Amino acid sequence: MRRRIHIDLRAIRDNSTRLLGSETASYADLRADAYGHGAVRVAEALDAEGYEGFVVSRELDRAALSHLSTPLLDADAVNSDRITGGSLFGLSDRAYRPAMRVSAEVLAVKDVQAGEGVSYGYSYVTTEQTQLALVGVGYAHGVVRRASNTAPVLIGGATRTIVGAISMDQFSVDLHGAEVSPGDLAILFGDPASGEPSILDWQHATGLRAAAIASRMSPRFERSYT
């Protein structure tokens, strides 16, 4: 079963160049495993960018970053106004490219009639004959439960909404005519320039900060970097 997180290091470097050029950033915030993006890989990508230091979690095994030339610092050792975090990863401003793309495999597609309740609690009931796609990822993988009945997903080339309660390892999407087959990938969020929902759309839908949504993503995802 495919559950994937792809991190676009080029987007992070592009965002970094803009932030450093604005002279508002001197330190890159790599706490919470670089907001779920992978502190080691991100630090390696930014090591030559000219930061005065990387702000890291105290519990982080600093030995993993000891080969870098950029100093490793605690947050209380630097001017907080000079730390860049959310914008670096496209988590706080649509002017910066989001770097994280999360996707999961469609397990099944089911024909349902109008009036059928979806998932436990039946918080969503179909209003017409439709199809539901079952996507193989859930809160055990870090998908926030507040996304139930609110957050967008790109599936079958169309943006649809998660329906019903998100369970431990799956959620449902009402396809409303989108053509989807088992084995297809549903994109939870990624790059809006490619027509994918943004993590900021998830922030708006759930009321949770994008940084918190990204940081919760589980190591159980297959991860790749470019």
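Just so it is clear, the structure is predicted and the values come from calculations on it, not from any experiment.
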With sequence neighbours left out, what residues match [X] under side-chain contact (heavy atoms from CB on, under 4.5 Å)?
X	value
Asp14	Arg97
Ser22	Thr24
Asp111	Gln131
Ala32	Ser215

Does one hydrophobic cluster hold both [X] and [Y], with members joined at side-chain heavy-atom distances below 4.5 Å?
X	Y	result
Val42	Leu20	yes
Ile12	Tyr27	no
Leu46	Leu9	yes
Leu185	Val137	no
Leu73	Phe54	no

Worksheet entry | Verdict with supporting geometry, Ile213 and Phe189, side-chain contact (heavy atoms from CB on, under 4.5 Å) | CA-CA 11 Å; Ile213 295 170; Phe189 50 81; 4.0 Å; yes

Worksheet item: For the side chain to side chain contact (heavy atoms under 4.5 Å, CB included) test, which of Met217, Arg220, His141 pairs with Ile5?
Response: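 Only match with Ile5 under side chain to side chain contact (heavy atoms under 4.5 Å, CB included): Met217.
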
Worksheet item: Are Leu175 and Val109 close enough, and set up right, to give a side-chain contact (heavy atoms from CB on, under 4.5 Å), and what steps lead you there?
Response: CA-CA 9 Å; Leu175 296 178; Val109 177; 4.0 Å; yes

Worksheet item: After noting the C-alpha distance and the side-chain angles of Phe171 and Val153, does the key distance pass the side-chain contact (heavy atoms from CB on, under 4.5 Å) rule?
Response: CA-CA 11 Å; Phe171 63 73; Val153 175; 4.2 Å; yes

Under 4.5 Å between any side-chain heavy atoms of [X] and [Y], yes or no?
X	Y	answer
Ser87	Leu19	yes
Met100	Phe89	no
Pro71	Tyr51	no
Leu134	Val173	no
Arg41	Ile7	no
Gln113	Thr126	no
Pro197	Leu188	no

What are the two closest heavy atoms between [X] and [Y], and how far apart are they?
X	Y	result
Leu68	Ala43	CD1-CB, 3.4 Å
Ala210	Ile199	O-CD1, 3.5 Å
Ala104	Val135	CB-CG1, 3.8 Å
Leu88	Thr84	N-OG1, 4.0 Å
Ala214	Leu91	CB-CD2, 4.2 Å
Arg223	Gly36	NH1-O, 2.8 Å

Not counting sequence neighbours, which residues clear salt bridge (Lys or Arg N to Asp or Glu O under 4.0 Å) with [X]? List them please.
X	result
Glu222	Arg4
Arg2	Glu105
Arg62	Asp74
Arg10	Asp8

Discussion item. For Arg82, I'd like to know if atom CZ has over 12 heavy atoms of other residues, nucleotides or ligands within 6.0 Å.
Written reply: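 More than 12 heavy atoms, drawn from other residues, nucleotides or ligands, come within 6.0 Å of this atom.
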
Report yes or no: does [X] contribute a side-chain atom to a donor-acceptor pair with the main-chain N or O of [Y] at less than 3.5 Å?
X	Y	answer
Asp47	Glu44	no
Asp33	Tyr35	no
Asp184	Val180	no

Practice prompt. For residues 189-208, pull every pair meeting side chain to side chain donor-acceptor pair (under 3.5 Å), keeping only residues two or more places apart or in separate chains.
Written response: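 Found Arg94-Asp201, Arg101-Glu196.
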
Worksheet entry | Of all pairs that satisfy side chain to side chain donor-acceptor pair (under 3.5 Å), the ones with a partner from residues 145-162, not counting sequence neighbours |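 Qualifying pairs: Ser123-Asn149.
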
Fill in: Between CG on residue Asp81 and OG on residue Ser26, distance to nearest 0.5 Å
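The CG atom of Asp81 sits 10.5 Å away from the OG atom of Ser26.
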
Practice prompt. Starting at CD of Gln170, measure out to OG of Ser119 and round the result to the nearest 0.5 Å.
Written response: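 Here the rounded value is 7.5 Å.
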
Item to complete: Output, in order, the C-alpha distance, side-chain angles, deciding distance and verdict of side chain to side chain donor-acceptor pair (under 3.5 Å) for Thr130 and Asp174.
Response: CA-CA 7 Å; Thr130 187; Asp174 192 335; 2.6 Å; yes

Item to complete: List the steps and the verdict of side-chain contact (heavy atoms from CB on, under 4.5 Å) for Glu49 and Thr17.
Response: CA-CA 8 Å; Glu49 292 292 300; Thr17 298; 3.7 Å; yes

Worksheet item: In the hydrophobic cluster built from side-chain contacts under 4.5 Å, what are the other members alongside Tyr124?
Response: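 Grouped by the 4.5 Å side-chain rule, Val112, Val118, Leu132, Val163 form the rest of the cluster around Tyr124.
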
Worksheet item: How is the hydrophobic cluster of Tyr120 composed, in terms of its other members, when Ile, Leu, Val, Met, Phe, Trp and Tyr link through side-chain heavy atoms under 4.5 Å apart, directly or indirectly?
Response: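 Members other than Tyr120 - counting any ILVMFWY side chain reachable under 4.5 Å - are Tyr139, Met168.
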
Worksheet item: Within 45 degrees of the axis of the six-membered ring of Phe221 and under 6.0 Å from its centre: does Arg3 put its NZ or CZ there?
Response: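 Negative - Arg3 is either too far from the ring of Phe221 or too far off its axis.
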
